[in-house]
Amino acid sequence: MNSIKNKLLDWENLEDPIAPLSSKQRESILELTSYANTRPFPVDLPQRDSPNQVSSSNVSADFLETLPHYFSSLQSGKLVIENGQQFYTWFAKVEEDIVEKEDSEYRNFVKKFEENCEQCNNLLGDVMASLNCLTTLHKQYLFVSNKTNSLHEACEQQLQDQIKLMSIAENISNKLAYFDELDKISQRLSSPTMSVLNESFVPILTRLDECIDHMLQNPQFKDGSVYLARFKHNLTKALGLIRAHVINSLQSATQKLLPKKEAIGPTDNSFTLFYGKFRTNAHKIKSLMEQIEDREEKSSECKQLIADCHQCYFQQRELLLQPSVVATINDLATNHQRDHCALVRSGCAFLLHVCEDEYQLYFQFFTKHSLQLDEFLEGLCCILYDVLRPLIIHIHHLETLSELCSILKIEMIDEHIRNNPEHLKAFEAVVTQMLQDVQERLVYRTHIYIQSDILNYNPSPGDLVYPEKLEMMESIAEGLMQQSSLSRSESRSSIASFGSLTSQEVAGINSAGDHGSEVSLARSRTGPISPADLHGMWYPTVRRTLVCLSKLYRCIDKAIFQGLSQDALSMCIQSLVVAGSTIAKNKTLLDGLLFQIKHLLILREQIAPFQVDFAIREMSLDFSKVRTAATNFMHRKSKLFALNTNNSLLEFILQGTPQVTEHYIDSKKDVDNHLKLVCEQFIQHTTELLIGSLKSFTEKAAVIIKLKEGEGGRQVTLKNQPFASVDKIAELIAESNRQLKGKLPSVNRNLRLYLANRETEAILFRPIRTNIQSVYSHLLQIVRTNYSDEDQLIIACPSNEQVSIMLTAALTK
């Protein structure tokens, strides 16, 4: 109890408190205390509640409760007070009774407290006795636990020693087991009943690999090198058994098939027999080769064994298959002697099946790819190549060569080889080489064709009958238009396409005569298509050029096609120039120009679908510096020989290096530029044809107007000139009006006849109309500036509106 009391006293000891309070907690207590002191008392409590007062009030209440008892005894006469002493005695007793009654509660509390203390003391004694018992038990437990732990540690140590000894023994046994395997393996491999097909053969190989690896990893063992050599000897013996079995199996299969192969002709499709019979033992051989191929990286003997097996396999396959392949290809060459395309198609199809079958057959014997397989298949494919190459280099027809390109490139490479690149790798190499040979021959023949049939084409009289040919076709067109009203679908299907101009200016020529950048084309017809636009009505060189390009487009590489297209289009343009000049001599210049415009538009439109850039890069060498350097070298010959030879040569090369110049040629732009040039010539010629005299007058008048004063000091006026009199100008304008009204319908007729497209005609005629209006406008300005009103009435120069009405009337006529 004292200890508890001391602990309670030390609860908030200033020096060493059991539960110290922080400064914040102390401040909180002070705040609560101050709040409690300032808080008013409840209304229902007495204002003075000190212990004394509480006791006094309690005493007063008890006294008031007991007083009637004491007074009743006085009143009843049981107690008689006669003097003061008796009163004091009675009063003292009453007071004593009251005090005793008031202290009874405390005395009862003290009594109960003493009883509780006694019980606590008894309980404390029992607790101390229990603690003593627990202390005794703890000491005994520690003693027993120490003994048990010691025994456990001793047992564990014994167990670890036992495990260690067992591990050492087992390790020794395992290491000795590799040495013990030597005699067992040697006996098995030397047994006459041992065969590579036995189930125990593969485990022997595996065990040999393990023993050899163990000896290599532990060269410190006694006699390890001796055992290693003996294990390798056994491995060589096992591999020799595999080699002998595989080679004998392959040779035996070949020998069984050779008599049957000789009895069967090359056309009897004997290849299924070769594959079916040959792969009889494939499963057994493949199971052995899988074991060897897995060991290929570890052992050079295994690698050599695989090489020997591959060599034997391909020798037997070549011995068995090559004569039949040669006979079949020769037979195909005989059957398709005149049809090169059928020969290439059937020969390639035959080799496709051979390559696929050989590839699948190879992997029925082996699991890993071999370069010898590609070489073997490429050798078979070269049989066809050797037969086809002499035929290819003698083909002259472009159609045949382009069809061969399509067969090799599309049917073989794109449709077959791309879908199965691994199986047909060797076939792809031969087909690619064959395709390159065909393309080379095609390019060569194309150059000859371009020179002979396009550039040097000798037109027949019927090729240059313009415009009679177009007029004849126009009459045919009128008949077709009448028939089209009855059957429009039939007439539409019989009409082909023809090049036309777009809504832009032809050749980029604006009203002032400026040149545009290029010509663009589109289909924009507003009426029925003319029969003159049929493919057969094109000029032969144009038709041949486009047919040639269409055949080359999908047959040769992009760069080569661009070069050939450049040559073909350039020479085609030259042929058109020659033909146009001939037509101009035979008929009119207008016909020659319109002929060129029509066919240049056809060229421009027909080459648009080719999705290639028609620009090619050309390089030129300038050897002028080389010649200069050579001259200097000859002058300094004596000095140069006195120097070191290498230094002299280097100096000569540095001085004489030719200058390399690169420039690009765009064949499509050549067509555009030539089209623009011909359109400009047509516009200029047509303008001269319609108002040439009027234009000449305005040019002369402009020169006179620019003159200020002559050498004689007199004023030069236009009206005083003989060619510029009022009557002359009036006559000139009237003649020009008559010429314009008379020739303009003919020009419009030619435009419609050659171009057969109203929008195209309007586009090409627009700069001509602009030039005519410009000349009349210039003349009107000259007349108004240099002539009086009376003269202007006589001259009667039409205004811009009148010229426009006159042109419209002439065109509608």
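This is a predicted model, so every value here is computed, not measured. The basis for the numbers below is simple: all heavy atoms, side chains too, and nothing from hydrogens, waters or symmetry mates.
Looking at Leu351 and Val430, their side chains never come closer than 4.5 Å, going by heavy atoms from C-beta outward. Annotation: side chain of Leu594 is not in contact with side chain of Lys598 (no heavy-atom distance under 4.5 Å). Here the side chains of Glu403 and Arg345 are in contact, with some heavy-atom distance below 4.5 Å. The closest side-chain heavy-atom distance from Val803 to Ser799 is not below 4.5 Å. The shortest distance between side-chain heavy atoms of Leu384 and Phe350 does not fall below 4.5 Å. Counting only heavy atoms from C-beta outward, the side chains of Tyr539 and Ile602 never approach each other to under 4.5 Å. Within the 4.5 Å cutoff, side-chain heavy atoms of Tyr457 are placed close to those of Asp463. Contact annotation: the side chain of Leu455 never approaches that of Asp567 to less than 4.5 Å [non-hydrogen atoms, C-beta and beyond].
Between the side chain of Ser406 and the backbone N or O of Ser402 there is at least one donor-acceptor pair closer than 3.5 Å. Side-chain N or O atoms of Thr770 include one that pairs as donor or acceptor with a backbone N or O of Arg766 at under 3.5 Å. Lys695 contributes no side-chain N or O that, together with a main-chain N or O of Thr687, makes up a donor-acceptor pair within less than 3.5 Å. Not a single donor-acceptor pair under 3.5 Å links the side chain of Arg544 to the backbone N or O of Ile454. Under a 3.5 Å cut-off, the side chain of Ser804 and the backbone N or O of Asn800 do not form any donor-acceptor pair. For Ser696 (side chain) and Ser693 (main-chain N/O), no donor-acceptor pair under 3.5 Å exists by modelled atom type. Asn456 contributes a side-chain N or O that, together with a main-chain N or O of Gln451, makes up a donor-acceptor pair within less than 3.5 Å. With Asp557 contributing its side chain and Ile560 its backbone, the two residues share no donor-acceptor pair below 3.5 Å. With hydrogens and angles disregarded, no donor-acceptor distance shorter than 3.5 Å links the side chain of His674 to the backbone of Ile573. In this structure a side-chain-to-backbone donor-acceptor pair under 3.5 Å is missing from Asn420 to Ile417.
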Subject >> side chain to side chain contact (heavy atoms under 4.5 Å, CB included) between Cys355 and Leu380, intermediate numbers included >> reply: CA-CA 9 Å; Cys355 291; Leu380 294 179; over 6 Å; no
Original post:
Can you list the steps and then say if Thr808 with Arg769 is a side chain to side chain donor-acceptor pair (under 3.5 Å)?
Top reply: CA-CA 10 Å; Thr808 304; Arg769 184 189 189 104; 3.2 Å; yes
**OP:** Please lay out, stage by stage, how Leu391 and Leu343 fare under the test side chain to side chain contact (heavy atoms under 4.5 Å, CB included).
**Re:** CA-CA 10 Å; Leu391 301 176; Leu343 174 60; 3.6 Å; yes
**OP:** Decide yes or no on side chain to side chain contact (heavy atoms under 4.5 Å, CB included) for Ser565 and Ile607, but give the supporting numbers first.
**Re:** CA-CA 9 Å; Ser565 65; Ile607 65 176; over 6 Å; no
Subject >> Check against side chain to side chain donor-acceptor pair (under 3.5 Å), Asn737 and Tyr776 >> reply: CA-CA 10 Å; Asn737 292 340; Tyr776 271 101; 2.6 Å; yes
**OP:** Any chance you could lay out the salt bridge (charged side-chain N to carboxylate O under 4.0 Å, His left out) test for Lys587 and Glu468, step after step, and finish with the verdict?
**Re:** CA-CA 10 Å; Lys587 294 299 178 179; Glu468 290 82 3; 2.4 Å; yes
Subject >> Intermediate values then yes/no, side chain to side chain contact (heavy atoms under 4.5 Å, CB included), Ile583 and Thr588 >> reply: CA-CA 7 Å; Ile583 293 173; Thr588 63; over 6 Å; no
**OP:** Show your working on side chain to side chain donor-acceptor pair (under 3.5 Å) between Tyr385 and Asp437 and close with a plain yes or no.
**Re:** CA-CA 10 Å; Tyr385 178 79; Asp437 293 343; 2.4 Å; yes
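Heavy-atom neighbours of Gln433 CD from other residues, nucleotides or ligands within 6.0 Å: above the threshold of 12. Within 6.0 Å of atom CD in Gln781, 12 or fewer heavy atoms from other residues, nucleotides or ligands are found, so the atom counts as exposed in its surroundings. Heavy-atom contacts from other residues, nucleotides or ligands closer than 6.0 Å to CD of Gln684 number 12 or fewer. Sparse packing is recorded around CD of Gln337, with 12 or fewer heavy atoms of other residues, nucleotides or ligands lying under 6.0 Å away. Sparse packing is recorded around NZ of Lys700, with 12 or fewer heavy atoms of other residues, nucleotides or ligands lying under 6.0 Å away.
In this structure, Cys555 and Leu442 approach most closely via the heavy-atom pair CB-CD2, 3.9 Å. Between Phe682 and Thr686, the closest heavy-atom pair is O-OG1, 2.6 Å. Scanning all heavy atoms of the two residues, the minimum distance from Leu603 to Cys572 falls at CD1-SG, 3.8 Å. Of all heavy-atom pairs spanning Val443 and Ile556, the tightest one is CG2-CG2, 4.3 Å. Taking every heavy atom of both residues into account, Met412 and Ala349 meet most closely at CE-N, 4.3 Å. Residues Ile691 and Leu740 approach most closely at CG2-CD1, 4.5 Å, considering heavy atoms.
Atom CG of Leu569 is separated from atom NZ of Lys669 by 15.5 Å, given to the nearest 0.5 angstrom. Leu404 CG to Leu388 CG: the interatomic distance, rounded to the nearest 0.5 Å, is 8.5 Å. Here Arg752 contributes atom CZ and Leu470 contributes atom CG; the two are 13.5 Å apart, rounded to the nearest 0.5 Å. In this structure, Leu744 CG and Ile772 CD1 are separated by 6.0 Å, a value rounded to the nearest 0.5 Å. Atoms CD and OG, on Gln574 and Ser570 in that order, are 4.5 Å from each other to the nearest 0.5 Å. For the atom pair Lys676 NZ and Ile597 CD1, the distance stands at 14.0 Å (nearest 0.5 Å).
Remark: aromatic rings of Tyr754 and Phe595 are distant, center separation not under 6.0 Å.
Salt bridge status for Arg604 with Asp672: present, with a side-chain N to carboxylate O gap under 4.0 Å. Checked for salt-bridge contact, Arg758 and Glu761 miss the test: no charged N lies under 4.0 Å from a carboxylate O. Salt bridge present: Glu428 and Arg418 bring a charged side-chain N and a carboxylate O closer than 4.0 Å. Taking the charged nitrogens against the carboxylate oxygens, Glu378 and Lys425 have no contact shorter than 4.0 Å, which rules out a salt bridge.
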